[in-house]
Amino acid sequence: MLTPETTRLTAWRLGIILGVVVIAESAVRFGWISSFFLAAPTRAVIVLWEQIVDGNALRLTGITIFEIAACLCIATIIGVFAGFLLWRYKLIGNSYEMFLAALFSSPVILAYPIFLVTFGRTSAAVIALSSIFGLIPIIINTKAAFQNVNPILLQVGASMNLNRKQMFRYILVPAVAPAIFSGFRLALTYILKSVLGLEYVAQVGGVGMWLSDAAFKFEVEEVYAGLLGTIVLSVGFLYAINRLEVFIRK
């Protein structure tokens, strides 16, 4: 249910976005900024629609969606399981926590030539490398989520004579869900950057390759149309994650 405060915040956000769009449109239309550097937002929308209807935008977007979804699934399944094990077996968790933190801050993207040699210039190389970017924050957040469960909740479950399965389903899962889903959102951010970056650099298909080709040909409007498409993709995935969190926490 929308509260007055939520409605007001939403209105402010939409107003700021609309204001930026109007300023950008006016700057290009009146010649304040050259159209060589900035495409008018209306033109970007028109070009994006034309690419969807007549071009390869849908096919390339489908490739990118598949790669992002595959990375999220791999990172989620392995990451949640690994994070749970690191919490369950504290000696292993304490041993590898610093290693994971160091790996998370390291420039793993520089290893992309190894993945291209191993998997070839295919989506498999993009998925294999990008999954690592999503895997680490999910492991770290999952371990921290289980580690920070309020002991009072466990005592309440014990007082209600819940068995281990019921304790996990009705006490632990709702308690750790917010932190784990924060890891999902963080993982999605890194996966999006990695997937689009590898597509752009390695020319392996998808929206990244579309942006690379458009930039190489100095098709400014097409570049901004591709950027608009990536924003829509990001919003769509974040919305799906938020809806899944609401479903699990019920």
Side-chain angles (χ1 to χ4, degrees), residues 66-112 114-115 118-119 123-195 198 234 237-250:
F66 167 74
E67 291 171 350
I68 294 172
C71 291
L72 274 175
C73 289
I74 293 171
T76 298
I77 294 171
I78 298 176
V80 171
F81 182 69
F84 176 78
L85 289 180
L86 292 179
W87 165 76
R88 182 68 178 80
Y89 301 99
K90 293 181 173 53
L91 178 61
I92 300 176
N94 294 334
S95 301
Y96 285 94
E97 189 170 11
M98 290 300 296
F99 170 76
L100 287 172
L103 185 61
F104 186 50
S105 60
S106 63
V108 182
I109 192 69
L110 297 179
Y112 82 90
I114 299 174
F115 286 82
T118 304
F119 296 96
S123 292
V126 176
I127 292 171
L129 180 55
S130 299
S131 296
I132 298 175
F133 284 92
L135 182 63
I136 299 173
I138 291 178
I139 293 176
I140 294 174
N141 276 51
T142 300
K143 178 180 179 295
F146 280 104
Q147 200 168 340
N148 295 325
V149 172
N150 193 333
I152 296 177
L153 296 176
L154 301 179
Q155 294 173 8
V156 170
S159 67
M160 298 174 66
N161 295 321
L162 299 181
N163 57 37
R164 295 182 66 178
K165 183 178 179 180
Q166 291 173 327
M167 185 78 77
F168 185 82
R169 172 65 184 88
Y170 297 109
I171 301 295
L172 285 177
V173 170
V176 302
I180 292 178
F181 274 92
S182 295
F184 289 166
R185 296 184 189 94
L186 186 60
L188 175 62
T189 301
Y190 284 97
I191 287 173
L192 279 168
K193 293 178 180 179
S194 177
V195 167
L198 288 172
S234 303
F237 273 104
L238 284 173
Y239 177 79
I241 289 175
N242 290 337
R243 296 307 303 170
L244 181 61
E245 180 181 5
V246 172
F247 174 77
I248 289 179
R249 294 181 67 181
K250 284 184 177 179

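From a predicted model like this one, the values you see are computed outputs, not experimental measurements.
Across all their heavy atoms, L198 and L129 have their closest contact at CD1-CD2, 3.7 Å. The two atoms that bring A75 and S131 nearest to each other are CB-O, 3.9 Å, heavy atoms only. Closest of all the heavy-atom pairs between S194 and S130 is OG-OG, 2.7 Å.
Residue pairs satisfying the side-chain hydrogen bond (donor to acceptor under 3.5 Å, both in side chains) criterion with at least one member in residues 184-193, sequence neighbours excluded, are listed as follows: R185-N242, R185-E245.
The CH2 atom of W87 lies 5.5 Å from the CZ atom of F84; values are rounded to the nearest 0.5 Å. To the nearest 0.5 Å, atom CZ of residue F81 and atom CG of residue L86 are 10.5 Å apart. For the atom pair F146 CZ and N141 CG, the distance stands at 12.0 Å (nearest 0.5 Å).
Residues I127 and F66 are in side-chain contact: their nearest non-hydrogen atoms beyond the backbone lie under 4.5 Å apart. L188 places a side-chain heavy atom less than 4.5 Å from the side chain of I68. Counting heavy atoms from C-beta on, the side chains of F184 and V80 come closer than 4.5 Å. Using a 4.5 Å heavy-atom cutoff, the side chains of I180 and T142 are in contact. With a 4.5 Å cut-off on side-chain heavy atoms, F115 and I132 count as touching.
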* Please lay out, stage by stage, how I74 and L135 fare under the test side chain to side chain contact (heavy atoms under 4.5 Å, CB included). => CA-CA 8 Å; I74 293 171; L135 182 63; over 6 Å; no
